[in-house]
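One structure is given here, and the rest of the page talks about it.
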Amino acid sequence: PQFMVTHNWANLFADLVAAVIAHALGWTSYVEVAALLRERSFGELRGSLESLGVLDNTYWICAFCVNQHKTICGGFADMNEPERDAATQKIYDLCTCSTEKYFSGDLCEA
């Protein structure tokens, strides 16, 4: 990959996508791209990416590359305040998987 992107779980996934596209376009803000995505203006965005020759740029996005079940799925960062979905404000359910957790060292993916 040419670029590394770190996702903040408090943000909307659509904003992550918009930020990656805005970066590829050379824009300093993702807001306009997010609006185009909401309007489903995919052809316009693709055309802009093609005309700049950046359609084949590659991005490493941690949300897709890190096994969350080995690190964070069983608890909240601040146990005093449950984390909420940015869109719905519902408290996240904690995962009950039996995957062994690694918070540091070679086996930690965070």
Side-chain angles (χ1 to χ4, degrees):
Q2 298 165 294
F3 306 100
M4 179 182 163
V5 179
T6 299
H7 174 58
N8 178 342
W9 290 106
N11 293 339
L12 298 176
F13 181 74
D15 290 342
L16 169 69
V17 173
V20 170
I21 295 171
H23 178 268
L25 293 171
W27 298 358
T28 58
S29 173
Y30 71 91
V31 174
E32 187 176 341
V33 174
L36 290 168
L37 288 172
R38 280 192 303 278
E39 296 165 4
R40 303 183 64 78
S41 298
F42 307 127
E44 180 180 342
L45 287 168
R46 183 181 178 90
S48 296
L49 293 165
E50 283 179 331
S51 69
L52 291 173
V54 296
L55 192 58
D56 292 326
N57 282 4
T58 55
Y59 289 80
W60 182 93
I61 300 174
C62 68
F64 302 129
C65 301
V66 175
N67 181 352
Q68 304 297 323
H69 290 281
K70 289 179 77 171
T71 54
I72 66 170
C73 76
F76 300 118
D78 180 355
M79 289 308 292
N80 296 321
E81 184 66 31
E83 295 178 27
R84 297 179 179 272
D85 182 281
T88 67
Q89 293 304 306
K90 291 181 181 177
I91 294 175
Y92 288 118
D93 292 328
L94 293 179
C95 180
T96 58
C97 75
S98 61
T99 302
E100 189 170 357
K101 308 297 184 238
Y102 299 95
F103 299 105
S104 62
D106 292 341
L107 296 176
C108 178
E109 294 189 29

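Closest non-hydrogen pair, A24 versus L52, comes out as O-CD1, 4.4 Å. A87 and L12 make their closest contact through CB-CD2, 3.5 Å (heavy atoms, listed as atom of the first residue, atom of the second, distance). A pairwise comparison of heavy atoms in S29 and A22 identifies O-CB, 3.5 Å as the closest pair. Residues Q89 and R84 come closest through the heavy atom pair O-NH1, 2.9 Å. Nearest heavy atoms, P1 versus T58: CA-OG1, 3.1 Å. In terms of heavy-atom proximity, Q2 sits nearest to D56 at OE1-O, 4.1 Å.
V31 and L49 are members of different hydrophobic clusters when ILVMFWY side chains are connected at heavy-atom separations under 4.5 Å. Y59 and F13 fall within a single hydrophobic cluster, where Ile, Leu, Val, Met, Phe, Trp and Tyr are joined by side-chain heavy atoms under 4.5 Å apart, directly or via other members. In terms of hydrophobic clustering, with Ile, Leu, Val, Met, Phe, Trp and Tyr side chains grouped at heavy-atom distances under 4.5 Å, V17 and W60 are assigned to different clusters. Hydrophobic clustering, with ILVMFWY side chains joined whenever heavy atoms are under 4.5 angstrom apart, keeps L45 apart from Y30.
With a 4.5 Å cut-off on side-chain heavy atoms, V5 and L16 count as touching. Between F42 and L37 the shortest side-chain heavy-atom distance falls below 4.5 Å.
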